[in-house]
Amino acid sequence: MSNTNTSQGRKVQPKSSAAEGLRELFVDELKDIVYAERALLKALPKMANNATESKLKMAIEDHIAVTEGQVQRLEQIFEILGESSRGKKCDAMEGLIKEGESILEETEPGPVRDAGIISASQKIEHYEIASYGTLSAFANTLGETEIVELLEATLAEEKEADSLLTESAYNSINWEAAEEDQQ
Ligand SMILES: [Fe+2]
Ligand SMILES: [Fe+2]
């Protein structure tokens with residue numbers, strides 16, 4: 001049975017500023033991800049400072065530099081499109097960052113906190129991977145080949161960051177964190 005007539009399933013009335021076509025939706029989502037990257041730039045130093053294992057610390061510090069480059073790439077994209085690079089609040093990234101901060105409070109420093117930092121960071125990377133994948137597909141449909149290349153470069157970096165995190169989790173940190181259970 002359809003529930004489209006109940007209040008929960010009702011059709012949403014669009015705002016007056018609602019996107020009418022793919023190009024507008026594309027620009028809106030670019031504003032979301034540029035906000036997300038800038039928010040992340042502010043949050044990453046705290047993650048790096050709270051990590052214990054030097055490889056993990058370095059990986060996060062590296063990702064700060066990489067993220068700065070990603071923001072620049074996005075600014076370049078806005079320039080190509082002739083749009084302002086002002087971000088639009090990204091609730092998802094705000095939530096993911098908040099979760100990362102509460103993991104710090106909920107873990108003892110050392111391998112257990114490191115495992116928590118990896119968990120929070122991978123959720124963030126996956127949000128970024130999904131965002132850039134979609135944006136690249138949109139740009140492709142819109143025939144914006146130069147922009148596709150820029151987005152794909154960032155997408156590759158996010159995937160690389162994600163697999164580095166997976167590697168450190170599987171190779172050492174999770175095992176060390178599990179050993180803490182026995183103490
Ligand atoms: Fe990023
Ligand atoms: Fe990232």
Side-chain angles (χ1 to χ4, degrees), residues 25-81 83-104 107 113-140 142 144-174:
L25 181 60
F26 179 55
V27 173
D28 277 353
E29 299 218 354
L30 283 167
K31 288 179 176 295
D32 173 282
I33 197 71
V34 79
Y35 178 102
E37 295 284 17
R38 287 175 181 145
L40 200 53
L41 269 183
K42 285 186 220 147
L44 283 173
K46 191 172 177 185
M47 291 288 171
N49 290 338
N50 278 281
T52 302
E53 206 222 32
S54 58
K55 256 175 71 187
L56 176 61
K57 223 186 206 351
M58 268 166 50
I60 300 171
E61 276 161 5
D62 258 19
H63 204 56
I64 298 175
V66 169
T67 302
E68 277 165 2
Q70 295 176 344
V71 170
Q72 280 170 11
R73 248 182 231 130
L74 285 167
E75 283 164 354
Q76 211 180 321
I77 292 172
F78 284 113
E79 222 178 281
I80 295 170
L81 292 168
E83 297 278 347
S84 123
S85 67
R86 248 190 71 193
K88 210 164 93 185
K89 186 169 181 264
C90 170
D91 291 319
M93 185 58 82
E94 293 272 331
L96 288 167
I97 289 172
K98 243 186 235 162
E99 260 198 47
E101 282 171 353
S102 55
I103 281 181
L104 297 179
T107 47
R113 182 173 288 177
D114 283 1
I117 290 174
I118 290 177
S119 145
S121 305
Q122 285 195 291
K123 289 176 191 174
I124 289 171
E125 290 313 317
H126 281 248
Y127 179 74
E128 291 183 303
I129 290 167
S131 301
Y132 283 108
T134 298
L135 283 167
S136 171
F138 282 0
N140 197 41
L142 293 167
E144 296 283 359
T145 33
E146 195 186 349
I147 296 178
V148 171
E149 270 172 42
L150 291 164
L151 292 168
E152 285 293 323
T154 295
L155 181 59
E157 289 171 352
E158 306 293 16
K159 286 182 179 168
E160 166 79 13
D162 180 56
S163 61
L164 279 177
L165 289 165
T166 301
E167 249 171 64
S168 34
Y170 280 108
N171 293 343
S172 56
I173 291 170
N174 287 354

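Whatever order the structure lists ligands and atoms in, that order sets their numbers, starting from 1.
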Checklist outcome for this item: All heavy atoms of Ser119 vs all of Ile103, minimum pair found to be OG-CD1, 4.1 Å

Checklist entry - Around the Fe ion (ligand 2), what protein N, O or S atoms are found below 2.8 Å? => result His63 NE2, Glu125 OE1, Glu125 OE2, Glu128 OE1, Glu158 OE1

Checklist outcome for this item: Residues Ile60 and Leu44: closest non-hydrogen pair is CG2-O, 3.8 Å

Item to check | Tyr35 to Cys90 - nearest heavy-atom pair and separation | outcome: CD2-N, 3.2 Å

Checklist entry - Charged N to carboxylate O below 4.0 Å: is that the case for Lys42 and Glu101? => result no

Next on the checklist: Taking the side chain as everything from C-beta on, heavy atoms only, tell me whether Glu37 gets closer than 4.5 Å to Leu41.
Outcome noted: no

Checklist outcome for this item: From the list Gln70, Glu157, Glu68, Glu125, side chain to side chain donor-acceptor pair (under 3.5 Å) with His63 holds only for Glu125

